[in-house]
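The basis for the numbers below is simple: all heavy atoms, side chains too, and nothing from hydrogens, waters or symmetry mates. Just so we're clear, the structure is a prediction, and the values are computed from it rather than from any experiment. To find a chain, count down the sequence lines: A is the first, B the second, and so on, and within it residues start at 1.
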There are 2 protein chains.
Amino acid sequence: MSDTARTILLVDDHAVVREGYRSMLQKQPGLSVIAEASDGVEAYRLYKETGPDLVIMDLSMPGIGGIEAIRRLRQWDKRAKILVFTMHQNAAFAVQAIRAGASGYVTKTSPPETLLHAVIDALAGKIAISPDIDHELALSHLAGERAAADLLTAREFEVLRMLLAERTTDEIAGTLHLSPKTVANLHSMIKDKLGVSSDIELVRLALRQGILTQIDLGEG
Amino acid sequence: MSDTARTILLVDDHAVVREGYRSMLQKQPGLSVIAEASDGVEAYRLYKETGPDLVIMDLSMPGIGGIEAIRRLRQWDKRAKILVFTMHQNAAFAVQAIRAGASGYVTKTSPPETLLHAVIDALAGKIAISPDIDHELALSHLAGERAAADLLTAREFEVLRMLLAERTTDEIAGTLHLSPKTVANLHSMIKDKLGVSSDIELVRLALRQGILTQIDLGEG
DNA sequence: GGCGGTGCCGGGAAAATTTCACGACCGCAC
DNA sequence: GTGCGGTCGTGAAATTTTCCCGGCACCGCC
């Protein structure tokens, strides 16, 4: 194992960030970056092509997001090791990523040592969570803010996503073949269950929990 | 000018990104990174200390944001050259940055050549805008989506910010010493002027325009 | 000074929405 | 079968939102 370097696939839509990884990783002996992808689809293709020992992946990317990309990679190779390295200092994202099959979750604000440590841990089969996210996780538990997805029924969650993404109550009713009245009732029930009183709080909660990402906002 | 390298100050809260800049810039002869800062305050201190020829600055940072940091730097040194390099592919941010005194605006998704080109342009005193933002600017004009700040009166804008940040109509009325009725009327007028019909759309618009940043969302 | 335009503040009533209580259906577990 | 939870819809009350109004102050202009 000392003669053959461990191979790494970088996935990030920002060229400068990939350059940063590369620069940091090549200082470490025994690691070799063999490929780079800038979105989920390319990552999937290059993974199949190169079969790296580890994938370092960002979450926010155009097209299919990082979470979905993790899911697909793990579906194709059950033993794929994927380390999430992202700017989102958000426990909800970390939980989603780990559930999808990530081997670790490190924020970009972390010092280089933390990343290198996480890379080594991940390669050794361990789960690596950066300290700030550990802290976040503890906090969100203490605050009693349960994940919306756990609290709501499937139907309610679907309506919630549509409320956030789509437009009026009537349009949602049409799409879901429901009475506008029922959609309004669901809307009310959702706010009740999530403990918010206004739509503005609802959107903020959704953003915190990663149900709505700021990337979705562009096309209104 | 060929014997003395042009000096650069890097400002970004992500260590890996600074590493990426450094790696990319050192390939270019005649450029020298002399300092790095991870937030606005540190950037200000280091600028005064080192007096670089150019600052490369991210926008989203803890503490004082990038826009405010630009403003302060320019206040201290009217001729400071500041190149914004950010993930936000958002025309509104670009406009704010340029107004604050930035010499250019490049997105992190841009290829390395674009960054280098922008650096050279900025050092030469030119304004550099990356093509995707140019496109965004054109689009937002075509779509007729005017900046909220221009459309609203001072009072309306204040209420808008409070609606986004604060809580109920009554609380805002208390803080501003207004009748709840007036706040409700303002709220209605704001939505009318901005051309949205629901609070959810309002929040989305605010996020697009950078009135509310996702960083503000943490503490609810 | 007189006169329009605009922003600011709030009232009142109509209109729309939200909330609440209720009933019914369905699938599922016990 | 019975109970339970999720789903869907209705209607009526309560609240909020919207619309229209008048009053006030300020400003530029003739």
Side-chain angles (χ1 to χ4, degrees), chain A residues 99 144-209 211-212 220, chain B residues 99 144-209 211-212 220:
Chain A
R99 280 212 190 118
E145 180 174 301
R146 297 273 312 287
D150 295 345
L151 228 44
L152 302 179
T153 66
R155 201 50 148 181
E156 285 162 350
F157 194 71
E158 195 171 8
V159 171
L160 171 56
R161 273 192 315 185
M162 288 200 158
L163 281 169
L164 296 171
E166 209 142 325
R167 33 242 139 235
T168 67
T169 298
D170 292 300
E171 285 170 325
I172 297 175
T175 308
L176 258 45
H177 303 292
L178 295 178
S179 144
K181 191 77 191 173
T182 300
V183 176
N185 278 340
L186 268 310
H187 187 174
S188 177
M189 177 64 86
I190 289 165
K191 290 203 283 185
D192 186 36
K193 280 193 177 178
L194 298 184
V196 300
S197 56
S198 71
D199 281 345
I200 290 177
E201 281 184 81
L202 186 63
V203 178
R204 296 173 63 123
L205 181 73
L207 279 163
R208 269 208 305 279
Q209 300 224 351
I211 300 165
L212 178 70
Chain B
R99 281 212 189 120
E145 179 175 303
R146 298 271 312 286
D150 295 344
L151 227 44
L152 302 179
T153 67
R155 201 47 149 180
E156 285 162 351
F157 195 71
E158 194 172 8
V159 170
L160 171 57
R161 273 192 316 183
M162 287 199 160
L163 281 169
L164 296 170
E166 209 143 325
R167 33 243 140 231
T168 67
T169 297
D170 292 299
E171 284 171 326
I172 297 175
T175 309
L176 259 44
H177 302 294
L178 295 177
S179 145
K181 184 72 198 192
T182 300
V183 177
N185 278 340
L186 268 309
H187 187 176
S188 179
M189 177 64 86
I190 289 165
K191 290 204 283 184
D192 185 36
K193 280 193 178 178
L194 298 184
V196 301
S197 56
S198 70
D199 281 344
I200 289 178
E201 280 182 81
L202 185 65
V203 178
R204 294 173 64 122
L205 180 75
L207 279 163
R208 270 208 305 278
Q209 301 224 352
I211 299 165
L212 178 69

Study note, to complete from the structure: Rounding to 0.5 Å, atoms OG1 (B:T182) and CD1 (B:I172) come to a distance of 12.5 Å

Practice item. Would you kindly give the CG-to-C1' distance between B:L152 and C:dT6, to the nearest whole Å? Key: 15 Å

Practice item. Report which part of the nucleic acid B:S179 touches: base, sugar-phosphate, or nothing (heavy-atom distance under 4.0 Å, all strands). Key: sugar-phosphate

Review point. Does the side chain of B:L160 reach to within under 4.5 Å of the side chain of B:L202, using non-hydrogen atoms?
Key: yes

Practice item. Measure the distance from CG on B:D170 to P on D:dT17 and round it to the nearest whole Å. Key: 10 Å

Point to revise | Short side-chain N/O contact to D:dT18 OP1/OP2 from B:S188, under 4.0 Å | key: yes

Practice item. Would you mind reading off the distance between A:R155 atom CZ and C:dC25 atom C1', rounded to a whole angstrom? Key: 15 Å

Exercise for review: For A:L186, answer base if it contacts any base atom (sugar-phosphate contacts may also be present), sugar-phosphate if it contacts only those atoms, and nothing otherwise; contact means non-hydrogen atoms under 4.0 Å.
Suggested key: nothing

Practice item. Classify the side chain of B:K181 versus the base of D:dT15 as yes if they form a donor-acceptor pair under 3.5 Å and no if they do not. Key: no

Point to revise | Nearest-Å distance for atom pair CD1/P, residues A:I200 and C:dT18 | key: 13 Å

Review point. CG of B:L178 versus C1' of C:dG10: gap in Å, rounded?
Key: 10 Å

**Study point:** Side-chain heavy-atom pair B:V159, B:I190 within 4.5 angstrom cut-off
**Key:** yes

Check your understanding: Is A:N185 side chain donor-acceptor paired with the D:dT10 base, going by distance under 3.5 Å alone?
Key -> yes

Check your understanding: When you check the phosphate oxygens OP1 and OP2 of D:dT7, does a side-chain N or O of A:T153 lie under 4.0 Å from one of them?
Key -> yes

Check your understanding: Are any of the side-chain heavy atoms of B:E158 and B:L163 separated by less than 4.5 Å?
Key -> no

Review point. B:H187 NE2 to C:dC8 C1': how many Å, rounded?
Key: 18 Å

Practice item. Could you state the atom-to-atom distance from CG of B:L176 to C1' of C:dC9 in whole Å? Key: 12 Å

Exercise for review: Considering non-hydrogen atoms only, spot the tightest contact between A:S179 and A:A173 and give its length.
Suggested key: C-CB, 4.0 Å

Review point. For A:M189 and C:dT19, what is the distance between atoms CE and P respectively, to the nearest whole Å?
Key: 11 Å

Exercise for review: With DNA chain C as reference, determine whether B:K193 or B:T182 sits nearer its 5' end, using the nearest nucleotide of each.
Suggested key: B:K193

